Amino acid sequence: MAASEGATESNLRHAFGNVLSFFILLLIGVLAFSIRLFSVIKYESVIHEFDPYFNYRVTQFLTKNGIYDFWNWFDDRTWYPLGRVIGGTVYPGLTLTAGTLWWILNSLNIPLSVETVCVFTAPTFSAIAAWATYLLTKEVKGTGAGLTAAALLAMVPSYISRSVAGSYDNEAVAIFALIFTFYLYIKTLNTGSLLYATLNAIAYFYMVCSWGGYTFIINLIPMHVLLCIVTGRYSSRLYIAYAPLVVLGTLLASLVPVVGFNAVMTSEHFASFLVFIVIHVVALAYYIKGILSPKMFKVAVTLVLAVGLVVCSAVIAVLIAMVASSPTKGWSGRSLSLLDPTYASKYIPIIASVSEHQPPTWPSYFMDINVLAFLVPAGIIACFLPLSDASSFMVLYIVTSVYFSGVMVRLMLVLAPAACIMSGIALSEAFDVFTRSIKCQLPGVSQNSQIDVGDSTSGSVVTQDEVVKTDKTEDSLKERPSKKNKKKERERERENVEKASIKTPIQKRLLVLPLESSVIALLLLVLLGAFYVVHCVWAAAEAYSAPSIVLTSRSHDGLHVFDDFREAYAWLSHNTEVDDKVASWWDYGYQTTAMANRTVIVDNNTWNNTHIATVGTAMSSPEKAAWEIFQSLDVKYVLVVFGGVVGYPSDDINKFLWMVRIGGGVFPHIKEPDYLRDGQYRIDSQATPTMLNCLMYKLSYYRFVETDGKGFDRVRGTEIGKKHFKLTHFEE
Amino acid sequence: MAIYARSTTTHLFLFITLLSLTIPVKPFSSSDPESILSELLTRQSQSQSGVIHLTDHLLPHILSPKTPRSFSLIIFFDAQQLHSKTDLHLPSLKSEFSLVASSFITNNKDNPDHKKLFFCDVEFKESQNTFAQFGVNALPHIRLIPPTAQNLKQDSIQMDAGDFSRLAESMAEFVESKTKLVLGPIHRPPLISTAQLMFIVAAIVTSLPFFAKKVIAGETLLHDWKLWLSGAVFVYFFSVAGTMHNIIRKMPMFMADRNDPSKLIFFYQGSGMQLGAEGLAVGSLYTIVGLMLAVMTHGLVGVRNRTVQRVMMIVALLVSFWAVRKVVVLDNWKTGYGIHAYWPSSW
């Protein structure tokens, strides 16, 4: 009788907890969405920066012409005269997602424009990513940690920087895909269900569609499998989680045109095949162990090991031969620069020139993951106590991603979910301990219930230990008593009261901390959380919401808005012929095609180094030579961005040295020292004659002296070197 | 026999060198081009790497045949006393140079090209005249003397710094472009020699069964979770400290103050750059808070003594609070950002 009453109460409690979690998740979703709207509120609903304009243009094409035309689209408006096969060279995930969203909304008679859908795709997917984080963390450490991690991820600045409204880029959906793939992998690992394994392969497919970062998944999961095998954690669940993923995942990945046969040919994927072989050998060994007597098994082990080693070494030899025969050893430049961080800066200026490929310093971590940087070590330790398959995966994830983020600041984005999950676990466990300590020692609570609470938690740890040992995790998911922890301490307290009343008392020592110090610790943690929220909102509002296509500056007489970019593109669109070619540095390629609808020579998809170098050479040549180069490319207009009047620092003069370097990399007559005076880049009267006569200087500073009479450049902070000159081969 | 022949030529041309100082590189029709070529080949084969060691006496002798000579010379100017200066990279450049030389010799063993280019080096201490003749006053310096060169200083071509930046490969490109000879691929010696490689493979193969047995028994170092734990925390510390940045950018641990050289700067203001000590300090601040928290939630709860718990908790909280505060202050100082709550008053 008492038992059934207890069961009803426990069911009720679970139901209540689930409803509460649901509403908390809903709120987290709203938070994730709304914190990213600062850009729309402060500026307007526009697409941001450079790459998103290309994605937007592709999406427009998709919605107008349908999927088949999109797949076969040859774009002649870019990389003139080469053109570009868009369908075969983009990751179509983002475009297809936004296109589908638009199509669904339109079928429901909600007439949103393509641009609106594109602007709000990223915030929507951030909310979904927060939910995926909840699922993943729940699989690792229970509901409480899951909710905390989801709340942290909803506002982590690193992710906000890539997913504010208008930032319509691959990463926006890819981070969701990444987390969801990991969730399904862990879910399969915990349940051993083939259904989840298949879903996992499909989620991986979505990730491959969305972002080049999928190679992180296809290397991390094999690493984890290998780790499990080496540390003696092999189980049939591991096999089910891994083997279908490799087979189905690779088949599906090669369906994406931009990946194609790379999925089996490049060495980024070789690790997964190698581990695929290893896991089969190990599976065979375990199988034989199961059907043979221990004595026979010893004999068999020798045999299997011998055969397995021969097979493995043969395969390794083949792989090494294949890898060694390719010039870059089969690794693409970007991946190589992760393993050998000095590689890119030495050999590939086009990679080294991008600011997001630089290694970060410690303030970057504080800016991008803020106080999570403090909490992660605690999360790592919590994952080791006790170590399960799932938590070992999380440890591996945080360690690899934190290393990679140290090499390339852009990969901070991959670190962010891991840091959120780890901090979520750490915070949840800390809240758990502190609130328990407070609850049990509050005056007025009977000694009896104190002991009960102590039991319940220590009991839960024991259960988890047993679970790990007996490899019956699927059962534990239902039994696991860790549903008790909730995000807010009040809920936790209430739950602990409830829990205390239903647990059978076992005499054990109380696992609590002193009351008053627990209160202080709790206060400090809440303070830390509050600081995180303030920082995130500040980052979202001030640091990451500028669309960089509209500029604002604040001065004593109020706010100034510069809309020069869009004015320039509109000018091109209204005043030039439809077929005219416009030359500019590659940064502005995507925007020119998307906003001005004119053909460009190079754009942000930097696939052809020679072509970019040609433009770089033209910009760094004297007028006549530049005119000849541009004439050979049918160029009628040259677009340069100059910020010396208003003080806009990322203009072409500041990017000019990279044009020289990239140009010089292909055309040796362009030499960097010719543009430097004693190793210093300057444009004032000390500048070299080569510098003062190159096309970029002339186009930028033509009639500049007429603005203020002196030719004072507000970005460089000097007067320019050559003030009065005429253009001979170009006209303004 | 060979030694004898060499010493006579040296004696003979001691006299001519003295002459050549007064009239820079006047061609000496007296020496036979064929014999000089064969002498060069002998010297090349005597040298281990195929780089001929030149002296003040030898060089004029070699260059004595009438222009156009049948061969080019490429000379590496070396100075033993500067080998210790790390920023000149002389030893590494020299080994790259000899690598190009030996690769050229092995690649062109069977065709007549191997008589058209000779790699030489000159040591500053013993051949100061040569340095003066070429007007070399800064190292590293590599010079190509084409067959047509009459005046050593004006007609020879100096290799740019850019041409040896990518080591042997770019040196080879330079030589190929200037001499129109084909050098072929560079044969770098493998990192470990074949014998060593065989030994390592053998060692691995023999140890594999033992290792496999241990793995199956589950008692290797890899099964010790404490090792993994400390490894994971260390990698975390290593990365958040920005150590990769310091390695890639070759940042020093600290630097001297520009205004006051006697003072040292450990913290650099400006977010684009950091110093080594600075990174390590902040990295440990990042890490210590998490460790303290973990100690409190996982370690201290098990301690029986209430006073110990209390004291340790207060210490941990104080340290954590101090660390977080310190990082916030440092970050605001370094980046200049003022993080503030967002109140949309007006815009």
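Order of the sequence lines fixes the chain letters, A, B, ..., with proteins taken first and strands second; residue numbering starts at 1 for each chain. Computed from a predicted structure; not experimentally measured.
- With rounding to the nearest 0.5 Å, the separation of CZ in B:F321 from CD1 in A:I520 is 11.5 Å.
- A:T361 approaches B:M273 most closely through the heavy-atom pair CG2-C, 4.0 Å.
- Heavy atoms closer than 4.5 Å to chain B are found nowhere in A:L523, neither backbone nor side chain.
- With rounding to the nearest 0.5 Å, the separation of OG in A:S313 from CD1 in B:I204 is 11.5 Å.
- Applying a 4.5 Å heavy-atom cutoff, the residues of residues 307-315 of chain B that approach chain A are B:Q309, B:R310, B:M313.
- Rounding to the nearest 0.5 Å gives a distance of 7.5 Å between CG of B:N332 and CZ of A:F366.
- The shortest non-hydrogen separation linking B:W225 to A:F384 is O-CE2, 3.7 Å.
- Contact between A:L227 and B:W228 at its shortest, heavy atoms only, is CD1-CH2, 3.0 Å.
- Put simply, of B:V324, B:V235, B:V233, the one with the most heavy-atom pairs under 4.5 Å next to chain A is B:V324.
- Counting heavy atoms of neighbouring residues, nucleotides and ligands inside a 6.0 Å radius, atom CD1 of B:I288 does not exceed 12 of them.
- By number of non-hydrogen pairs under 4.5 angstrom with chain B, the leading residue of A:P673, A:A426, A:G406, A:A540 is A:G406.
- Looking at A:P363, the atoms closer than 4.5 Å to chain B (heavy atoms on both sides) sit in the backbone and in the side chain alike.
- Heavy-atom pairs under 4.5 Å with chain B peak, among A:A521, A:A382, A:P514, A:A430, at A:P514.
- In this structure, chain B has a heavy atom under 4.5 Å from the side chain of A:V395, while its backbone stays farther away.
- Going from atom CH2 of A:W362 over to atom NE2 of B:H245 covers 12.5 Å, rounded to the nearest 0.5 Å.
- Considering only heavy-atom pairs separated by less than 4.5 Å from chain B, the leading option among A:I381, A:V371, A:V533 is A:I381.
- Contacts between A:V402 and chain B at a heavy-atom distance below 4.5 Å involve backbone atoms as well as side-chain atoms.
- B:A232 approaches A:I380 most closely through the heavy-atom pair CB-CG2, 3.9 Å.
- Proximity to chain B is absent for every atom of A:L415, based on heavy atoms less than 4.5 angstrom apart.
- Atom CG of B:L293 and atom CG of A:L427 lie 7.5 Å apart (nearest 0.5 Å).
- No more than 12 heavy-atom neighbours from other residues, nucleotides or ligands sit within 6.0 angstrom of CZ on B:F199.
- Nearest approach of A:A373 to B:Y236, heavy atoms of both residues: O-OH, 2.6 Å.
- Expressed to the nearest 0.5 Å, how far CZ of A:F404 lies from CE of B:M244 amounts to 10.0 Å.
- Both the backbone and the side chain of A:L513 come within contact range of chain B, judged by heavy atoms closer than 4.5 Å.
- At least one side-chain heavy atom of B:S239 sits less than 4.5 Å from a side-chain heavy atom of A:Y365.
- Proximity to chain B (any heavy atom under 4.5 Å) is restricted, for A:E516, to the side chain, taken from C-beta onward.
- Looking at A:L396, neither its backbone nor its side chain comes within 4.5 Å of chain B, counting heavy atoms on both sides.
- Across all their heavy atoms, B:G290 and A:A378 have their closest contact at O-CB, 3.2 Å.
- Listed options B:L330, B:V327, B:L291, B:L285 were ranked by heavy-atom pairs under 4.5 angstrom with chain A; first place goes to B:V327.
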